[in-house]
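Heads up, the thing below is written out as structure tokens.
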Protein chains: 2
Amino acid sequence: MINQKDNIETEEKVLEAARDIFQKKGFFGARMDEIANKAGVNKALLHYYFRSKEKLFDKIFQEALGEFIHKVVGVLNGDLPLDVKIYRTVDMYSNMLSHNKDLPLFVLSTLQENPDLMIRMIKSTQGEFLPNLSRQLQDENLAGNITKISTHEFFINLVSLTIFPFLVQPVMMGAFNLEEEDFKQMINERRRKVPKMIIEILRP
Amino acid sequence: MINQKDNIETEEKVLEAARDIFQKKGFFGARMDEIANKAGVNKALLHYYFRSKEKLFDKIFQEALGEFIHKVVGVLNGDLPLDVKIYRTVDMYSNMLSHNKDLPLFVLSTLQENPDLMIRMIKSTQGEFLPNLSRQLQDENLAGNITKISTHEFFINLVSLTIFPFLVQPVMMGAFNLEEEDFKQMINERRRKVPKMIIEILRP
DNA sequence: GTCTATAAAGGGATAGAC
DNA sequence: GTCTATCCCTTTATAGAC
């Protein structure tokens, strides 16, 4: 009973370590030993808490994908004006990825190997993916404010310009001789520039 | 002596299989057995030709990264008009990735784990990365034809809108209920639309 | 060059003591 | 709950026959 507090702390420590290692190295690159060491516990404890490597990985991945999806749904499917949604989406992803550089590649790699994980997660939010946004894009088009565009095209343009720079950070730094600081500055400038580009693209 | 032709064919068979498996599963996910089976030869032969898993992987990766870089340099650093370069870059990458879906994630994942691989490759092409493009962007700006933009910003916008859609194909298909055919059509439309967007963004 | 057989190491999982 | 010791399967790599 005295140890119940310890349990939770230990379990959370393990999850934190697992997050870090799995996101950096993927399922096959990660080692249970490494996770245990990083968490400051013994390898056997991982199995005590999570039974198997696979189950531990699943937990980490669901969490990561969920964050990715729910955050963007929260913004894009709300009822703010379109331009505000655009600014907030860029800002939200920029913040998230600045603090967690390995996240996007981790999620995309895992989904590529196992695409039905995505379908399972979306199906749980039954129906259309971003219904409010879809309606908004149609309405704004009918009102003559923006050009005609499908929801998935709008979405892909927005997230491409926002997320892809993080994926190619090593490429950019190597190719254009940028320092860490230059890259950060570029990302910060893009919080302003990307929305402007998206709005430019939407002009009727 | 009679077997010399066979050697080359065998080696190429192995490389082809290795390309496929490594690009799908990454270094740690790939199994030498699987590559051998796919190539229709014995596992021991892989070591005979390439000595170790790591050396075989390196060969595949260098090849992949090289193709990625040299092709885009060939277009963007040539001396075509800017708008033609934009169209050709989008077209070139769209073709390349339509026939090789696993390539971008493979290259990006490997570079994330080992960023100096990029630096090594770029350094071999000494000096600035895309010097002609840089000059062209400056000249066009001075002539009042385009807005002021750095080479790496131009580059990142262009490749983001072109490559990222391939990376999120499983996401898009799951989230927006698209079929393989819908996705292909979207990619084809983007050959026209992405250059228009980039040119729009460049307007002074 | 290509194969079979096997060595050698790695790593996930469990038993059992505390 | 947490640890040590160990099991055992998988996988890379090599030896040696053909």
Side-chain angles (χ1 to χ4, degrees), chain A residues 1-64 102 106 109-110 113-114 117, chain B residues 1-63 106 109-110 113-114 117:
Chain A
M1 299 303 143
I2 286 173
N3 283 352
Q4 249 179 348
K5 192 181 149 218
D6 287 349
N7 298 353
I8 295 168
E9 275 178 6
T10 303
E11 192 170 339
E12 187 46 47
K13 262 188 189 171
V14 171
L15 282 172
E16 228 167 275
R19 233 169 260 139
D20 187 61
I21 306 285
F22 276 136
Q23 289 181 14
K24 270 202 177 63
K25 314 200 170 177
F27 180 78
F28 293 108
R31 297 285 162 250
M32 292 297 265
D33 278 22
E34 206 182 348
I35 295 174
N37 288 340
K38 185 160 193 120
V41 300
N42 189 277
K43 189 172 57 154
L45 262 202
L46 271 57
H47 289 94
Y48 173 77
Y49 279 113
F50 302 99
R51 189 105 198 130
S52 74
K53 184 182 184 183
E54 208 161 322
K55 284 198 167 53
L56 177 55
F57 180 85
D58 275 4
K59 194 145 191 161
I60 301 297
F61 176 73
Q62 292 296 336
E63 189 185 89
D102 303 315
F106 169 68
S109 302
T110 306
E113 283 165 31
N114 206 343
L117 290 173
Chain B
M1 300 302 140
I2 286 173
N3 284 353
Q4 250 181 347
K5 190 179 154 220
D6 288 350
N7 299 352
I8 295 168
E9 276 179 6
T10 303
E11 192 169 341
E12 187 46 47
K13 263 187 190 171
V14 171
L15 282 172
E16 228 166 274
R19 232 169 261 139
D20 187 61
I21 305 285
F22 275 135
Q23 290 182 12
K24 270 203 178 61
K25 313 200 172 180
F27 180 77
F28 292 107
R31 297 286 162 248
M32 294 295 267
D33 276 23
E34 205 182 348
I35 295 174
N37 287 340
K38 186 161 192 119
V41 301
N42 190 279
K43 191 172 56 154
L45 261 202
L46 297 174
H47 290 93
Y48 173 78
Y49 278 114
F50 301 100
R51 190 108 199 125
S52 74
K53 184 182 182 181
E54 208 162 324
K55 286 198 165 52
L56 177 55
F57 180 85
D58 276 4
K59 195 145 191 159
I60 300 297
F61 175 73
Q62 292 296 337
E63 188 186 273
F106 170 69
S109 302
T110 307
E113 282 164 31
N114 207 344
L117 289 173

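Chain letters run A, B, ... following the sequence lines, proteins first, then strands; residues in each count from 1.
One atom, CG of A:N37, and another, C1' of C:dG11, lie 13 Å apart when rounded to the nearest Å. Between the CG atom of B:L46 and the P atom of C:dC3 there is a distance of 10 Å, given to the nearest Å.
For A:F57, the ring-ring contact (aromatic ring centres under 6.0 Å, His included) partners two or more places apart in sequence, or in a different chain, are A:F22, A:F27, A:F106. Partners of B:Q62 by side chain to side chain donor-acceptor pair (under 3.5 Å), not counting sequence neighbours: none found. Residues passing the side chain to side chain donor-acceptor pair (under 3.5 Å) test with B:E63, sequence neighbours excluded: B:R19.
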Inset, instruction - Using a 4.0 Å cut-off on protein heavy atoms (strictly under), produce a 5'-to-3' string for nucleotides 12-18 of chain D with B for base contact, S for backbone-only sugar-phosphate contact, and - for none. - result: BBB----
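Applying the salt bridge (Lys or Arg N to Asp or Glu O under 4.0 Å) rule to pairs touching residues 49-58 of chain A yields nothing, sequence neighbours excluded.
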Identify every side-chain donor-acceptor pair in residues 28-39 of chain B under 3.5 Å, counting partners at least two apart or on other chains, and give the distances.
| residue | atom | partner | partner atom | Å |
| --- | --- | --- | --- | --- |
| B:R31 | NH1 | B:F28 | O | 3.3 |
| B:R31 | NH2 | B:F28 | O | 3.4 |
| B:E34 | OE1 | B:K25 | NZ | 3.4 |
| B:E34 | OE2 | B:K25 | NZ | 3.0 |
| B:N37 | ND2 | B:D33 | O | 3.4 |
| B:K38 | NZ | B:D20 | OD2 | 3.0 |

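Across residues 12-23 of chain B, not one residue has a non-hydrogen atom less than 4.0 Å from an atom of DNA chain C.
Among the candidates A:L117, A:L56, A:N114, the single residue satisfying the side chain to side chain contact (heavy atoms under 4.5 Å, CB included) test with A:F61 is A:L117.
The side chain of B:T10 places no N or O atom within less than 4.0 Å of a non-bridging phosphate oxygen (OP1 or OP2) of C:dG1.
The side chain of B:V41 has C:dC3 as its nearest neighbour among C:dG1, C:dC3, D:dC3.
The shortest distance between side-chain heavy atoms of A:L45 and A:V14 does not fall below 4.5 Å. For the pair B:Y49/B:L15, no side-chain contact is recorded, criterion being any heavy-atom separation below 4.5 Å from C-beta on.
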